[in-house]
Amino acid sequence: MGRLFVIMGKSATGKDSLYNEIVERHPELHRIITYTTRPIRERETFGKEYYFVSREEMYSMREQGKIIECREYDTVFGPWFYFTADDGQIDLSKGDYILISTLEGYKKLQCAFGIECVVPVYIEVEDLERLDRAVERERRQKKPCVQELCRRFLADEEDFSEQKLQMAGIERRIVNDDFDAAVASIEKLIERGSHVALD
């Protein structure tokens, strides 16, 4: 039986960059592209970071029973949804998989595929560094929105509180203040494929 590695962490911790580096180095890992109803950002590509869909398309998939887990965020632009779909991408009998999700999504994936198969990869970055990265990313958008940036930053404190991390059994942390070191830590975790602490 294969394993499902779930990369997660607060915004601007470098999850996308780490994910892209890992899947490039490890072609044996099957990539899972999740879905979102939020607008596509500058430098994003449909089917790479996400499948960008309308809310109507999401509702249709939900009615067909094709949504494994779904999260709703009340943004300054209105509700945005992020979800993992039962669209044929995941078959643990065919090997190991990797995706980016949230703590809530991780717990629902555990329910769907089993605790023993779902491996958390929690990424951390010091808050001020995260804020600097988030501001720089927002500057690159055609229409920067500081209000939404601040909302995400504050919401992360609740979504990834220490209490919630402990309740979800997240003990291992990978600090992304050195990209190459963070990649090496994830690779070591993939080699072990377990929930044991890293050296």
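Quick caveat: nothing in here was measured; it's all calculated off a predicted structure. Hydrogens, waters and symmetry mates play no part in the numbers below; they use all other heavy atoms, side chains included.
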Within the distance-only criterion (no hydrogens, no angle test), does the side chain of [X] pair as donor or acceptor with the backbone N or O of [Y] below 3.5 angstrom?
{"X": "D96", "Y": "R3", "result": "yes"}
{"X": "Q141", "Y": "E42", "result": "yes"}
{"X": "S60", "Y": "E56", "result": "no"}
{"X": "T37", "Y": "S54", "result": "no"}
{"X": "E138", "Y": "C145", "result": "yes"}
{"X": "H26", "Y": "I190", "result": "no"}
{"X": "E72", "Y": "P79", "result": "no"}
{"X": "E44", "Y": "R41", "result": "yes"}

Distance, nearest 0.5 Å, that separates [atom1] of [X] from [atom2] of [Y]:
{"X": "I33", "Y": "T84", "atom1": "CD1", "atom2": "OG1", "answer": "11.0 Å"}
{"X": "E162", "Y": "E157", "atom1": "CD", "atom2": "CD", "answer": "10.0 Å"}
{"X": "H30", "Y": "L99", "atom1": "NE2", "atom2": "CG", "answer": "13.5 Å"}
{"X": "S11", "Y": "R133", "atom1": "OG", "atom2": "CZ", "answer": "11.0 Å"}
{"X": "I7", "Y": "I186", "atom1": "CD1", "atom2": "CD1", "answer": "5.0 Å"}
{"X": "M167", "Y": "S161", "atom1": "CE", "atom2": "OG", "answer": "8.5 Å"}

With a 4.5 Å cut-off on side-chain heavy-atom distances among I, L, V, M, F, W and Y, is there a chain of contacts connecting [X] to [Y]?
{"X": "Y82", "Y": "I40", "result": "yes"}
{"X": "V118", "Y": "M1", "result": "yes"}
{"X": "V125", "Y": "L149", "result": "no"}
{"X": "V23", "Y": "V121", "result": "yes"}
{"X": "F153", "Y": "V146", "result": "no"}

Run the side chain to side chain contact (heavy atoms under 4.5 Å, CB included) check on N176 and T13 step by step: do they pass? CA-CA 7 Å; N176 187 20; T13 53; 5.6 Å; no
Counting C-beta onward and ignoring hydrogens, is there a side-chain heavy-atom pair between [X] and [Y] closer than 4.5 Å?
{"X": "E69", "Y": "S101", "result": "yes"}
{"X": "Y122", "Y": "F160", "result": "yes"}
{"X": "V53", "Y": "F81", "result": "no"}
{"X": "R192", "Y": "V119", "result": "no"}
{"X": "R173", "Y": "L165", "result": "yes"}
{"X": "Y50", "Y": "R38", "result": "yes"}

Checking side chain to side chain contact (heavy atoms under 4.5 Å, CB included) for the pair T102/D159: CA distance, chi angles, key distance, verdict? CA-CA 8 Å; T102 63; D159 294 342; over 6 Å; no
Can you spot which of D86, D91, D87 makes a side-chain hydrogen bond (donor to acceptor under 3.5 Å, both in side chains) with Q89? D87
Over all atoms of both residues, closest heavy-atom pair of [X] and [Y]:
{"X": "A182", "Y": "L18", "result": "CB-CD2, 3.9 Å"}
{"X": "R151", "Y": "V76", "result": "CD-N, 4.3 Å"}
{"X": "E49", "Y": "R43", "result": "OE2-O, 3.9 Å"}
{"X": "A85", "Y": "M61", "result": "CB-CE, 3.5 Å"}
{"X": "L109", "Y": "V6", "result": "CD1-CG2, 4.0 Å"}
{"X": "I170", "Y": "P120", "result": "CD1-CB, 3.4 Å"}

With a 4.0 Å cut-off on N to O distance, would you call R71 and E104 a salt bridge? no
Do NZ/NE/NH1/NH2 and the carboxylate oxygens of R25 and E191 come within less than 4.0 Å? no
Start with the C-alpha distance between M58 and I67, add both sets of side-chain angles, then the distance that settles side chain to side chain contact (heavy atoms under 4.5 Å, CB included), and finish with yes or no. CA-CA 8 Å; M58 182 197 72; I67 294 183; 3.9 Å; yes
Determine the interplanar angle of the [X] and [Y] rings, folded into 0 to 90°, and report it as parallel if under 30°, tilted if 30 to 60°, perpendicular if over 60°.
{"X": "F77", "Y": "W80", "answer": "parallel"}
{"X": "F83", "Y": "Y35", "answer": "parallel"}
{"X": "F52", "Y": "F46", "answer": "tilted"}

Does the side chain of [X] pick up a donor-acceptor pair with the side chain of [Y] at under 3.5 Å?
{"X": "R31", "Y": "Y19", "value": "yes"}
{"X": "S17", "Y": "E21", "value": "no"}
{"X": "E63", "Y": "Y59", "value": "no"}

Test log, rule side chain to side chain contact (heavy atoms under 4.5 Å, CB included), inputs L92 and I90: CA-CA 6 Å; L92 293 181; I90 306 173; 4.3 Å; yes
Identify the residue among K10, K164, K15, R130 that makes a salt bridge (charged side-chain N to carboxylate O under 4.0 Å, His left out) with D156. R130
Between F5 and Y97, does the ring centroid distance fall short of 6.0 Å? no
